[in-house]
A.B. asks: 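The structure under discussion is supplied below as structure tokens; questions concerning it will follow.
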Amino acid sequence: MSKQWGGRFEGKTDDLMEALGESVSFDARLAPWDIRASIAHARMLGSQAIIAKGDANKIIKGLRAIAADVAKDRIQWDPALEDIHTNIEAALVARIGDAGKRLHTGRSRNDQIATDVRLWERDQIDAVIGQLRDLQAALVAFAEKHRGVIIPGFTHLQHAQPVLLAHHFLAYFEMFERDRQRFVQLRKRMNVLPLGSAAMAGVPYPLDRRQVARELEFDTISANSMDAVSDRDHVIEFCSNAAIVMMHLSRLCEELILWSSQEFAFIEIGDAFTTGSSIMPQKKNPDVAELVRGKTGRVYGDLNALLTLMKGLPLTYNRDLQEDKEPVFDASDTLQLCLTVTARMIPTIRIDETRMAEAVREGFMEATDLADALAVKGMPFREAHGIIGRIVLYCTKKRKRLTDLTLEEFKTFSPLFDQSIVDGLAPRAIVSRRNIPGGTAPRRVAAAIRRAKRSLEK
Ligand code: ARG
């Protein structure tokens with residue numbers, strides 16, 4: 001490997017240096033953003049008369065031509081040139097000659113990579129926000145389609161209280177709403193231009209940093225050159241936000257997997273998102289949901305890699321920072337694939353209403369309402385709780401449901417029972433009584449669906 005900036009060296013680089021040090025095999029994907037930033041930098045150098053306007057124009061034209069070739073996949077990147085920055089600079093000089101050698105005036109690869117990553121990340125954030133929105137829309141549509149359906153609500157994975165299926169799915173809507181807001185907030189925080197910091201101390205040229213920021217649509221410019229070239233907080237935040245989304249996706253997928261099992265048999269995921277077994281002809285496996293659950297682990301790994309990468313770095317730029325790319329690229333790719341595939345899978349889910357209705361009858365889910373009914377009649381709730389517990393025990397021994405008991409049987413446990421209490425045990429009555437903000441009553445859930453749709457339109 002010949003040396004890029006060999007003036008200071010007498011010896012050759014060790015052969016393994018290229019394998020260890022090249023980054024173009026993975027940072028080549030930054031080319032469109034690198035070129036965009038270079039065009040803004042060149043234009044500013046020209047308008048500030050730091051380089052001749054004619055040279056600036058040649059650079060801009062040359063960079064545009066390279067961008068067109070990049071888009072057509074017509075450029076062969078050379079790992080001997082190390083990274084995407086030097087590859088593009090070399091391509092520029094090859095194309096336009098000496099003017100190309102003036103592009104790097106008042107700039108370092110340190111502020112260049114910091115700028116490229118922010119530009120790339122900003123576009124990924126916008127994409128993720130859109131994908132989260134699509135997923136939320138799929139959840140709302142699913143909730144609305146099945147808005148009358150009642151299922152068991154679970155705590156400890158035991159039947160707890162009946163709820164609307166829509167209420168259950170809207171819980172995920174809320175999680176992804178917070179996730180979306182986290183990306184919206186990150187976008188504001190990270191939309192800051194590092195260019196102008198150069199290696200780390202700033203430059204002696206009269207750069208117009210604000211002009212560059214405007215052209216690149218940054219809200220502002222970085223306040224401290226040393227921070228600007230060595231800060232990767234935003235990359236960590238991106239991966240942290242991604243990890244939280246993946247955690248939510250994984251929980252959702254875990255439920256879809258459980259619900260597709262013969263034990264639950266609540267749902268069937270569409271053929272496009274399930275696979276067969278190589279040996280068992282009857283199998284229909286929820287592989288997609290399992291893979292999303294599984295891929296969550298690698299995104300956590302990406303976040304961990306970045307936190308560990310950063311913890312011992314003194315100011316300012318250290319070459320270790322090159323190692324931030326693969327984790328953040330992986331987290332972004334994995335997240336976007338998983339969001340998109342999950343949003344597409346949800347509309348293919350068919351539900352088994354009969355099975356759900358059967359399940360709602362199991363597990364004594366009327367018990368809380370019975371205790372509440374006695375409490376309303378004046379009995380202290382704790383006392384009512386004890387009485388209903390004894391009734392449940394009685395039912396377990398007699399192999400009966402609470403709804404099988406007659407008023408006479410209830411009255412042997414407390415004289416406060418009356419017909420209206422017994423009549424109020426239908427699942428729909430139980431659900432409708434949770435008519436409180438945030439509750440599962442059909443009225444509240446209908447309002448939640450309207451609110452959800454409005455927040456997606458914003
Ligand atoms: N490829 C490098 C990175 O990703 C670009 C900056 C290199 N700067 C340097 N001084 N070696 O961080």
Side-chain angles (χ1 to χ4, degrees), residues 1-9 12-14 16-38 40-41 63 66 70 75 77-92 101 103-124 190 192-203 212 216 222 225-236 238-239 302 305-333:
M1 183 182 177
S2 64
K3 285 208 181 285
Q4 265 293 309
W5 299 280
R8 192 228 172 281
F9 297 88
K12 280 194 155 182
T13 306
D14 188 277
L16 281 176
M17 218 8 235
E18 182 180 312
L20 180 70
E22 71 83 23
S23 59
V24 73
S25 58
F26 51 86
D27 66 17
R29 73 156 77 186
L30 294 175
W33 293 275
D34 187 83
I35 292 172
R36 190 179 166 202
S38 287
H41 181 66
L63 286 170
I66 294 171
V70 169
I75 296 200
W77 306 116
D78 180 3
L81 295 176
E82 233 179 76
D83 58 25
I84 187 62
H85 319 300
T86 38
N87 265 276
I88 289 177
E89 192 178 315
L92 181 68
K101 296 181 183 166
L103 169 61
H104 212 56
T105 313
R107 183 177 81 169
S108 152
R109 285 185 298 159
N110 298 352
D111 60 348
Q112 195 178 352
I113 188 63
T115 303
D116 292 3
V117 172
R118 282 182 195 254
L119 286 172
W120 168 84
E121 186 183 309
R122 195 176 65 189
D123 284 351
Q124 308 317 305
M190 60 79 68
V192 176
L193 173 76
L195 217 55
S197 307
M200 61 114 181
V203 295
V212 177
L216 297 177
S222 56
S225 60
M226 297 178 78
D227 176 43
V229 295
S230 62
D231 162 38
R232 296 294 182 276
D233 292 5
H234 60 98
V235 176
I236 294 177
F238 182 92
C239 287
D302 294 328
L306 288 168
L307 287 167
T308 311
L309 171 69
M310 296 303 294
K311 75 180 276 291
L313 294 188
L315 289 180
T316 56
Y317 182 85
N318 299 274
R319 190 64 182 275
D320 316 44
L321 290 173
Q322 182 165 295
E323 289 292 307
D324 68 347
K325 308 297 175 307
E326 286 164 293
V328 72
F329 290 164
D330 181 69
S332 175
D333 293 346

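Read the numbers this way: they start at 1 and go in the same order the structure lists the ligands and their atoms.
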A.B. asks: Ligand 1: which residues have a non-hydrogen atom closer than 4.0 Å?
C.D. replies: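 The 4.0 Å shell around ligand 1 contains Ser23, Asp83, His85, Arg109, Asn110, Ile113, Tyr317, Arg319, Gln322, Lys325.
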A.B. asks: Is the shortest side-chain heavy-atom distance between Ile75 and Trp77 below 4.5 Å?
C.D. replies: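 When only atoms from C-beta onward are counted, Trp77 and Ile75 do touch, with a gap below 4.5 Å.
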A.B. asks: So, do Ser108 and Asp111 sit near enough that their side-chain heavy atoms are less than 4.5 Å apart?
C.D. replies: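 Yes. Closest side-chain heavy atoms under 4.5 Å.
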A.B. asks: Taking all non-hydrogen atoms of both residues, which atom of Asp320 and which atom of Leu309 are closest, and how far apart?
C.D. replies: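 For Asp320 and Leu309, the tightest heavy-atom pair comes out as O-CD1, 3.3 Å.
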A.B. asks: So that I can tick it off, tell me whether Arg109 and Glu89 are bridged by a salt bridge, with the cut-off set at under 4.0 angstrom between side-chain N and carboxylate O.
C.D. replies: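 A salt bridge is absent here (no side-chain N lies under 4.0 Å from a carboxylate O).
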A.B. asks: Which residues pass the ring-ring contact (aromatic ring centres under 6.0 Å, His included) test with Phe329, sequence neighbours left out?
C.D. replies: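 So Phe329 forms a ring-ring contact (aromatic ring centres under 6.0 Å, His included) with Trp120.
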A.B. asks: I'd like to know if Lys325 pairs up with Asp27 as an ion pair, taking the criterion as any Lys NZ or Arg NE/NH1/NH2 lying under 4.0 Å from an Asp or Glu carboxylate oxygen.
C.D. replies: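 Looking at Lys325 and Asp27, the cut-off is not met.
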